[in-house]
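What follows is a short report on a single structure.
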Amino acid sequence: MLIMKNINKIFQTADIQTHALRDFCLQVNEGDFVSVTGPSGSGKTTFLNIAGLLETFSNGEFLLDGEDVGKLNDNGRSRMRNEKIGFIFQGFNLIPDLNLYDNVDVPLRYRGFNAKERKFRIEQNLERVGLASRMKHLPSQLSGGQQQRVAIARALATDPRFLLADEPTGNLDSEMAQSVMSLLEDINQQGTTIIMVTHDAQLAQRAKRTIQVKDGKVSELENISRQHNQAIA
Amino acid sequence: MFSYYLRLAWISILRHWGLSLLMICAIGLGIGAAMTTITVNYLMSANPIPEKSAQLYYVQLDSWDVNDPFDDGLNPPDQLTYTDSTNLMLAKQAFRQNVQTQAFGVIEPEDPEMLPLIVNGRANSADFFPMFNVPFIYGSGWSNKSDESKEFVVVLSKATNDKLFGGADSVGKSIKLEGNMLRVVGVIDNWQPKPRFYDITTGAFNDSEDVFVPFHLIADEKISRSGNTNCWKPSGDGFQAFLASECIWTQFWVELKTEQDKADYQQFLNAYVQEQKQFGRFQRPLDNRLSHVMQWLESQEVVADDAQMMMAMSLMFLLVCLLNTVGLLLAKFLGKAPEIGLRQALGASKRTLFSQYIIESACIGILGGLLGLTLAFIGLKSVESLYGDYMKGLASLDTNMAISAVVLALVSTILAGLYPTWRACNIQPAQQLKSQ
Amino acid sequence: MLETGLILRALARNKIGALLIALQIALTMTIMVNAIFMIQDRQQQMQRKSGLDEKNSFYLTNTVFGQDYNIQAHLQTDLHTIRNTPGVVDAIQINAIPLSSSGWSMALQHEPGEDKDAVGTAIYMVDDHAINSMGLTLVAGANFQPEDVELRKEGQSTWPAKTIITQAFAENLYPDNWQSAVGKTVYISQTQPIQIIGIVAALQAPWNGWNGVERSMLVPFQRESKGSYYFIRTEAGRRDELMPIIEKTLAESDKKRIIRRVTTIEDTRERSYRQHNATNKILTTVVITLTLITGFGIVGLAIFSINRRTKQIGTRRALGATKGQIMRYFMMENFIISTFGIIIGCFGAVALNMWLVNTFNLSPISFQLVAFGVITLFIVGQLAVLYPARKAAMIAPATATRTI
Ligand SMILES: Nc1ncnc2c1ncn2[C@@H]1O[C@H](COP(=O)(O)OP(=O)(O)O)[C@@H](O)[C@H]1O
Ligand SMILES: [Mg+2]
């Protein structure tokens, strides 16, 4: 469970202050699939970064799985990211010098799994995204969609409770985007909570719940998925 | 286009000023160290008499002990016995010949107020002066005739003439050296061959002498000998016994105009030694050598070990600096991969990219070279002050060396830049877009 | 050793860059080890004791130019004058000065004859005051007696009956028991017998580059020569004060000679080892600059590669890497490259040393020195990469989402 209460984020630059988030409040439940939309510059990435512990916030309260994130130090946040959160980036962010196998291996190394465990998880997750046969390839030898699937495999390898995605389909054509989206839905079905930033309204509709960020504030959008979600609940 | 590349290079150098500075310093230090030691070696191994170095031959005869050969038998002794040089002098088989040794003595000035002067001298034959192209300001050397008639003459160095006669033309005047009245026949202009090739047994980089006197003054015990003496067989008592002994202490030079003359002289030497063998001398196998100036300097290893060792070290040092530069340039150029991809997309050909990056390397090279030149200058000054007399005059940069420094920097930096440039030119724009 | 495999694979993708650093380290190590070796070699040479009381001794040259000059008589008055100057411990006439680079050498042999093996030695012609004047330590046998001292004419070929030699020389002549040298008769000038009556602890020859520099012998000769040295030892601390006094006294006592080159033994030592000193200073500068260049080269390359990998590092941070892990990655990367370079450097150092041994007759380097080079370069590498690695660790995790 993710609870944000009155989170504020102010970017202080030389001449101006940017209030990227203002009294941002949000609760995301276990197993949710939240899509975040909003105009460019509204604070979506900032929200996601804070949710993913990539950035600290100026004030407010943030509980992740009951733990008060504001109290964690840098190492604590690293550990939390590694154990509970998986990331998918718009630009894939694969490490160009490493092949697919080693790319997926990166977070597992930080977790400190033994070799056998790592091998098992890498193969399992590459299998899951359908790229097991290309383990020895380098990122530059793959198409964009394939690269993003590797990134997803990497994000999933540590069995995170939360999967955070910032415009995961932003660099992909619509066909690819659909396939990545289906993969994410699959993953959500298997219990991982997903928060996805997108500007594609159609994709956003496929999430269980959609929120909109405007000037650093949340406004909930009623949608079919949400009702559907509530009906089940 | 060239000025456009220059401008790009300049922007790039300034943009990554830390890295550029690091490269310029590395090249500068490498070039500075290399040029310092190269200069010292170059001056040490310089040809001191280029106009006729191939016609002047130093004579070596192996007169040494059969039981314990000189230099373990690798080389004949480095000097001759008095007996042999006198015999060779008398034979007059070369175009010019000169027997010499180092001498020293005290000059008592006529003016009783002036303090006596200790001088380093050279006792030599008349041919010394024309043979070694000694420059005169007043008068000239003495003649062969005056050697034969054992005249008491002397040639002064400029400095000695300045001291004794206030720099005036002293030809015809007399000086009192070790109690002998010697008539001045000539005054030498500043003359300091580096290395002092005509006698390296007493130090290849020593100053040339204050006075030059006829060799017969030594033989007749009018003036004292200095310099090295080496004996393998005890000689009897007294100076006459010493002169007749197997001790080596004289140096013998000949001037031979052609290869034929040299072959003839070599034959003459061999015949001479064969003849001496009949008197029980020269029991070692025949090993008579004629070495021209550069061969002689080479065989006597005039270039100091230290200097050579330093040069080897500093060249390796330069290599490290260049490796450093290759690495930094590579990092820099590859860091520009996106820009290169873009330029290619905008129509840059490999050739234009190549020119652009080579020019950038060259700019760094020139800056490094200039820094290196400054450092070499400082390096040579400190070498000179650290080593003192030993390096006097061996540590100065001439125009040739200065130009070489910059050229060396330029060439080596361009070489260092080749691989990074080649890599930069071969960046695939498509790859670039994908992996970023 | 967490990520060794990963680092190796990443390095394999950027072989040239890593190779360049490794080669630099290798060359630096090669030069460093050999330069330090040469420095140490020279330092050891410079530290050898001359055997003299260096602090309190000086010498001067006495050059006679007057004709019909009674050298012998003047020598006796000169020595008498000097020895009786207050503050002077003792003085002698001598033919050569240790460390001054010019002198006389002879050879001694166990048996007489032209074809017998002989051992070279420096020869000092002195009188019975030598041990006291030079501050030598007699470790066996006895000193010369005044009646042993003979007058040596110019060009004389015979030698006195007695000699005192250095311990190093005695060890060379009698390797089994150097003390047994006392009383033995050896041969000088191939055939002339000479008896060893005493052994001094140390007295160096005039030539510091000679491998027999510790072999010297004293013979009881006073020379009738137009040029000679007076060697003077003063009471502690009075040398500088006495030098001008003695120079003046001698010069004024007699105008038919020139007193020159009044020089302390300390100056002589300084001049003697000037080249060594200079070479050492230059080598030290080379080693330091070289290490700095290599160090800064590593810093520059590391910063650059980190700048290039900013997004990658941010991503690693986003994936859960702690600052420490990021730092460790770069330290480890440097360690691996250094190891490579240092291994090559070990071979390089030995190879260069072999070349030096062959070309310049140096001795082989020691294992300790190579070990020192290994450790130093590891430290230099790690120190150099410390700042860039810290910089890398400071890269914000958000970089992963913020950069395209
Ligand atoms: N590091 C930063 N420093 C200063 N301002 C920033 C920084 N990151 C984001 N901002 C500002 O914060 C606001 C929100 O940005 P962001 O969350 O990236 O928007 P979105 O992802 O919704 O497009 C923007 O106005 C942006 O300019
Ligand atoms: Mg955004």
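Labels below follow one simple rule: chain letters A, B, ... track the order of the sequence lines, proteins then strands, and each chain is numbered from 1. It should be emphasised that the depicted structure is a prediction, and the values quoted were computed from it without experimental measurement.
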Region of A/Thr158 that comes under 4.5 Å of a non-hydrogen atom in chain C = neither

Measuring heavy-atom distances to chain A, does C/Ala318 have an atom under 4.5 Å in its side chain, in its backbone, in both, or in neither?
-> both

Between A/Asp105, A/Leu138, A/Leu48, which shows the greatest number of heavy-atom pairs under 4.5 Å with chain C?
-> A/Leu138

Grab the two heavy atoms, one from C/Ala321 and one from A/Ser78, that are nearest each other, plus how far apart they are.
-> O-OG, 3.1 Å

Provide the closest heavy-atom pair for A/Asn82 versus C/Leu319 in the form atom of the first, atom of the second, distance.
-> ND2-O, 2.8 Å

Within a reach of under 6.0 Å around CZ of C/Arg48, are more than 12 heavy atoms found that belong to other residues, nucleotides or ligands?
-> yes

With side-chain contact (heavy atoms from CB on, under 4.5 Å) as the test, would you mind laying out the steps for C/Arg317 and A/Arg81 before giving the verdict?
-> CA-CA 9 Å; C/Arg317 289 281 279 141; A/Arg81 281 200 294 273; 3.5 Å; yes

Toward chain C: residues of residues 60-77 of chain A with heavy atoms under 4.5 Å | A/Asp74, A/Asn75

Min side-chain heavy-atom separation A/Asn93-C/Lys311 under 4.5 Å | yes

What part of A/Asp102 lies closer than 4.5 angstrom to a heavy atom of chain C: side chain, backbone, both or neither?
-> both

Verify the neighbour count for atom OH of C/Tyr387: are there more than 12 heavy atoms of other residues, nucleotides or ligands below 6.0 Å?
-> no

More than 12 heavy atoms of other residues, nucleotides or ligands under 6.0 Å from CZ of C/Phe340: is that the case?
-> no

Dump the intermediate steps for side-chain contact (heavy atoms from CB on, under 4.5 Å) on A/Leu54 and C/Thr401, then the final yes or no.
-> CA-CA 9 Å; A/Leu54 295 182; C/Thr401 54; 4.0 Å; yes

Please indicate whether C/Tyr273 has more than 12 foreign heavy atoms, meaning atoms of other residues, nucleotides or ligands, lying under 6.0 Å from its OH.
-> yes

Greatest number of non-hydrogen atom pairs under 4.5 angstrom with chain C, of A/Arg111, A/Arg154, A/Glu83, A/Met80, falls to A/Arg154

Over 12 non-hydrogen atoms of neighbours within 6.0 angstrom of CE in A/Met1 = no

Can you tell me how far CD1 of C/Ile326 sits from OH of A/Tyr110, rounded to the nearest 0.5 angstrom?
-> 4.5 Å

